[in-house]
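After the structure tokens below, expect a handful of questions from me.
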Amino acid sequence: MPELPEVETVVRSIRPLVGRRIVTAEFRNLRILRGGDPDRMAARLAGRRVKEVRRYGKFIVATLDDGSYLMIHLGMTGRLLLGGDAGKHTHAIFTFDKGVLMFDDSRQFGCIEFHEQFPARVARLGPEPLEVTFEEFAAGLARRKTRIKSLLLNQTFLRGVGNIYADEALFRAGIHPMALTARIRKDRARKLHDAVVQVLTEAIEAGGSSISDYVDAEGRKGFFQIHHRVYGRTGEPCLACGTPIRRVVVTQRSSHFCPRCQKR
DNA sequence: ATCGGTACCTGCACGC
DNA sequence: TGCGTGCAGGTACCGA
């Protein structure tokens with residue numbers, strides 16, 4: 001489900017919780033805690049006020065009033081929902097002095113972690129795609145020895161790009177997903193940098209892409225999926241040239257591309 | 001140090 | 001109707 005635009009939309013939709021106080025935290029599925037102690041977490045969280053909620057790539061980090069941090073990752077199917085009823089896949093329930101936040105995740109690839117210090121995993125991520133300079137971006141391309149699709153998905157290169165937006169950006173830049181990064185010339189690299197920024201910006205404006213189950217914390221779907229040019233369009237005609245869109249697997253992930261518009 | 005393959009889960013669509 | 005297969009927006013971990 002969630003890549004940068006979806007996580008950004010979720011973060012914006014839970015902003016009303018900033019300034020609110022956590023009354024109780026209930027954890028129903030411990031897998032989500034990745035080894036964290038549920039009782040200790042609940043005790044540390046109770047009474048804390050949310051100072052700030054920020055997004056780092058696909059990670060959500062809430063800063064609490066005592067300087068501790070609550071980190072949330074939505075994985076593939078994670079949802080944060082304000083209010084509503086707990087369901088089969090509701091794994092955590094945060095009750096605030098005003099409002100309730102539920103974490104729902106059918107595949108359980110998401111996680112919730114409590115940290116006394118800023119989480120190291122988040123600190124190790126690469127730059128934000130909407131902030132990275134072209135020079136940094138190009139230096140990253142030249143330094144790696146892999147296929148461009150793999151690099152775009154690598155969160156230490158850029159944080160937040162996932163399978164949908166990698167495919168969409170590569171199409172817009174006219175680059176084949178299997179292209180080796182070191183062989184991409186500067187003009188193409190610049191096109192790719194621009195394409196990443198544009199596609200993410202447009203997707204945020206559309207509230208993200210709702211393929212099957214993504215919704216924001218108010219239950220609203222995104223509508224960027226209607227603007228996808230290659231992702232999920234295998235066999236359908238390329239919107240630029242009419243050639244059927246193809247699907248190849250790169251690093252175990254589906255990649256959708258136009259064989260005519262995207263040369264290696 | 002980097003890279004690709006694998007594992008982790010559930011649900012859905014499909015063909016038989 | 002049910003069963004097997006393959007696929008799905010994610011990252012961590014392992015061995016080469």
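Residue numbering restarts at 1 for every chain, and letters A, B, ... go by the order of the sequence lines. Any value given below was found using the heavy atoms of this structure, including those in side chains, with hydrogens, waters and symmetry copies removed.
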Can you find a side chain N or O atom of A:K58 that sits less than 4.0 Å from OP1 or OP2 on C:dG9?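 No, no such contact exists.
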
Taking only side-chain nitrogens and oxygens of A:T146, does any of them come within less than 4.0 Å of OP1 or OP2 of B:dG4?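 True: A:T146 side-chain N/O within range (under 4.0 Å) of B:dG4 OP1/OP2.
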
Quick test of your reading of the model: are A:R12 and A:D216 salt-bridged, counting only N-O distances below 4.0 Å?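 Looking at A:D216 together with A:R12, the answer is no, because their closest N to O distance does not fall below 4.0 Å.
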
Salt bridge or not for A:R172 and A:E168, using N-O below 4.0 Å?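 No salt bridge links A:R172 with A:E168.
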
Atom CD1 of A:I204 and atom C1' of C:dG9 are separated, to the nearest Å, by 15 Å

C:dG9 phosphate, OP1 or OP2, under 4.0 Å from A:Y231 side-chain N/O: yes

Give none if C:dG9 has no partner; otherwise give the nucleotide forming a Watson-Crick or G-U wobble pair with it, both distances under 3.5 Å. none

Would a single hydrophobic cluster contain both A:V7 and A:L82, if residues Ile, Leu, Val, Met, Phe, Trp and Tyr are joined by side-chain heavy-atom contacts under 4.5 Å? yes

Using atom P in both nucleotides, what's the gap between C:dC14 and B:dC9 to the nearest angstrom? 16 Å

Is there a donor-acceptor contact under 3.5 Å linking the side chains of A:Y165 and A:E6?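 Side chains of A:Y165 and A:E6: pair found under 3.5 Å.
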
Closest nucleotide of DNA chain B for A:R143 versus for A:Q108: which of these residues is on the 5' side?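 Looking at the nearest nucleotide for each, A:R143 comes out on the 5' side.
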
Is the shortest side-chain N to carboxylate O distance from A:D97 to A:R20 below 4.0 Å?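 Looking at A:D97 and A:R20, the cut-off is met.
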
A:F134 six-ring face occupied by A:R190 cation (under 6.0 Å, within 45°):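 Verdict for A:F134: a cation-pi partner in A:R190.
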
Pick base, sugar-phosphate or nothing for A:S210, based on heavy-atom distances below 4.0 Å to the nucleic acid. base

At 4.0 Å (heavy atoms only), tell me whether A:Q252 reaches a base, stays on the sugar-phosphate, or touches nothing.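 It contacts base atoms.
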
Is a donor from one side chain sitting under 3.5 angstrom from an acceptor on the other, for A:H256 and A:D167?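 The answer is yes; a qualifying pair exists.
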
If we call it a pair only when both distances are under 3.5 Å in a Watson-Crick or G-U wobble match, what pairs with B:dG15? C:dC3

I'd like a table of atom pairs between the protein and nucleotides 14-16 of chain C - only N or O on both sides, under 3.5 Å - with the distance next to each one.
none

Length of the line joining A:R159:CZ and C:dG10:P, which is rounded to integer Å: 17 Å

How many whole angstroms separate atom CD1 of A:I164 from atom P of C:dA8? 11 Å

